[in-house]
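Scope of the values below: all heavy atoms of this structure, side chains included, with no hydrogens, waters or symmetry mates. Each chain gets a letter, A, B and so on, in the order the sequences are listed, and its residues count up from 1.
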Number of protein chains: 2
Amino acid sequence: MKLSTRGRYGLRALIDLASHEDEGAVSTQSIAQRQNISESYLEQLIRMLKKGGLVLSVRGAGGGYRLAKKASEISVGDILRCLEGSLDAVACPAIEGSDCDSANACVSKFVWKRINDAIAQAVDSVWLSELVAESHKLQTAQKEQKEQKEQEGRPSAKSRDEINAQIIREMQNQGI
Amino acid sequence: MKLSTRGRYGLRALIDLASHEDEGAVSTQSIAQRQNISESYLEQLIRMLKKGGLVLSVRGAGGGYRLAKKASEISVGDILRCLEGSLDAVACPAIEGSDCDSANACVSKFVWKRINDAIAQAVDSVWLSELVAESHKLQTAQKEQKEQKEQEGRPSAKSRDEINAQIIREMQNQGI
DNA sequence: GAAAAACCGTAGTAATTTAGTAGACTTTTT
DNA sequence: AAAAAGTCTACTAAATTACTACGGTTTTTC
């Protein structure tokens with residue numbers, strides 16, 4: 001019942017992409033750097049998102065990726081299903097079609113449908129745009145906090161980029 | 001986001017146990033036979049359920065296991081958490097305590113709480129007693145259907161036990 | 001009181017899945 | 001033409017899962 005790194009990385013990558021879209025197409029390299037994810041691995045993930053119709057690619061120099069829809073029209077469920085496959089906790093043929101030889105084939109139909117539906121409802125009601133907003137709020141809050149600490153101590157030696165990188169690293173250890 | 005066999009087997013085992021409780025303590029051997037699960041593996045699972053306080057053991061010859069509470073007081077969530085650990089799709093320290101060094105540590109807190117809560121709500125609202133009732137309904141329905149088919153064809157060579165065993169086997173391929 | 005039935009626990013192992021790497025190739029812009 | 005960027009496949013290492021094996025201990029029943 002755990003989400004794998006595919007889902008977590010993918011979500012982070014899309015938040016990052018959405019946050020930088022005003023600067024034009026976003027390269028996997030830049031996302032990989034900012035998010036501290038292996039570039040090659042990220043490429044695979046983002047290609048899955050392309051196949052799923054969530055992002056568009058722009059080839060050639062200066063190219064990269066772009067959201068295929070508005071961030072407010074992409075749900076967390078859309079993203080996770082692209083990367084993790086079906087989110088159903090238990091796959092039962094009876095739920096989808098009527099592949100079972102009897103109409104009431106197994107107990108799954110009863111329990112699992114409820115559970116699977118609840119999961120689907122949850123992930124489909126959170127939108128990428130919300131995550132972007134939330135992430136932006138957190139980052140600026142943390143940045144201010146850091147900068148204040150630096151000022152209190154010895155004169156700040158860290159650049160803004162270093163501070164950002166550290167925040168990303170901290171996020172990584174905390175589940176997303 | 002998939003349930004492992006631990007959860008599925010465990011659920012089947014408890015349904016089986018609850019269904020046979022009126023005959024006294026239920027041995028792991030008998031459950032393993034009826035449910036077609038490795039006895040040794042099942043023992044491990046049921047010991048986890050004991051540690052979790054869902055079943056009691058009765059030692060010695062003629063012993064076995066018993067539900068620790070009424071079937072109507074054991075939720076699917078209780079069972080799955082015993083066997084699969086936390087059902088949270090993503091573990092984030094920020095959700096539980098305030099282990100994060102900042103109050104608003106990561107985006108997880110926002111998204112994952114909603115998702116995790118939905119899953120919890122779903123599994124905690126289905127009770128073992130419902131599964132037992134459902135399973136009983138299905139089995140008798142399927143049994144009748146089978147027996148009818150047998151009568152139509154050549155004279156029934158299969159015993160009632162063989163028919164039961166087959167139903168169990170079919171259930172197994174269908175998700176539970 | 002001995003044997004059988006049952007619970008208890010750990011260690012190991014095979015199979016599967018996940019996470020990540022490597023590298024060669026194609027397309028497009030500058 | 002060269003550089004930047006996406007595309008694709010295959011391989012490998014680590015982790016997890018699903019068992020299996022086996023050597024116990026406890027309790028009941030005959």
query = Which residues satisfy the side chain to side chain contact (heavy atoms under 4.5 Å, CB included) test with A133(A), sequence neighbours excluded?
reply = none

key: Distance below 4.0 Å between K2(A) side-chain N/O and dT16(D) OP1 or OP2   = no

note = In whole angstroms, the gap separating P of dG6(D) from NZ of K51(A) amounts to 16 Å

ask   = Any donor and acceptor pair, going by atom type alone, linking the side chain of N116(B) with main-chain N or O of L87(B) inside 3.5 Å?
value = no

note = Residues passing the side chain to side chain donor-acceptor pair (under 3.5 Å) test with E84(B), sequence neighbours excluded, are S4(B)

Heteroatom pairs (N/O) under 3.5 angstrom, protein to nucleotides 17-20 of chain D:
from	atom 1	to	atom 2	distance (Å)
dA18(D)	OP1	T5(B)	N	2.8
dA18(D)	OP1	T5(B)	OG1	3.0
dA18(D)	OP2	S4(B)	OG	3.3
dA18(D)	OP2	T5(B)	N	3.4
dA18(D)	OP2	T5(B)	OG1	3.1
dA18(D)	O5'	T5(B)	OG1	3.1
dC19(D)	OP2	Y9(B)	OH	3.1
dT20(D)	OP2	S38(B)	OG	2.9
dT20(D)	O4	Q44(B)	NE2	2.5

task = Grab the CD-C1' distance between E43(B) and dC22(D) for me, whole Å please.
result = 12 Å

All salt bridge (Lys or Arg N to Asp or Glu O under 4.0 Å) counterparts of K137(B), not counting sequence neighbours = E134(B)

key: Qualifying side chain to side chain donor-acceptor pair (under 3.5 Å) pairs, either residue in residues 19-29 of chain A, two or more places apart   = D16(A)-H20(A), S27(A)-S30(A)

inquiry  = For a 4.0 angstrom threshold against heavy atoms of chain A, report the outermost contacting nucleotides of DNA chain C in 5' to 3' order.
reply    = dT18(C) to dT29(C)

Name the atoms and distances for all side-chain donor-acceptor pairs under 3.5 Å in residues 66-76 of chain B, with sequence neighbours left out.
from	atom 1	to	atom 2	distance (Å)
S75(B)	OG	G77(B)	N	3.3
S75(B)	OG	D78(B)	N	3.0
S75(B)	OG	D78(B)	OD1	3.4
S75(B)	OG	D78(B)	OD2	3.2
S75(B)	OG	D124(B)	OD1	3.4

Tabulate below the donor-acceptor pairs under 3.5 Å that side-chain atoms of residues 45-62 of chain A make, not counting sequence neighbours, or state none.
from	atom 1	to	atom 2	distance (Å)
K50(A)	NZ	S57(A)	OG	3.1

task = Can you measure from CG (N36(A)) to CD1 (I31(A)) and round to the nearest 0.5 angstrom?
result = 13.5 Å

ask   = Shortest non-hydrogen contact from A89(B) to I119(B)?
value = CB-CD1, 4.4 Å

message = Quick check on contacts: within residues 56-65 of chain A, what sits under 4.0 Å from DNA chain D by heavy-atom distance?
response = S57(A), V58(A), R59(A), G60(A), A61(A), G62(A), G63(A), G64(A), Y65(A)

task = Determine, stepwise, if the pair T140(A) / H136(A) fulfils side chain to side chain contact (heavy atoms under 4.5 Å, CB included).
result = CA-CA 6 Å; T140(A) 53; H136(A) 185 251; 4.0 Å; yes

Co-membership, hydrophobic cluster, residues Y65(B) and Y41(B), 4.5 Å side-chain = yes

message = In whole Å, I'd like the distance from the CE atom of M48(A) to the C1' atom of dT9(D).
response = 14 Å

ask   = What is the distance from NZ of K50(B) to P of dT26(D), rounded to the nearest Å?
value = 13 Å

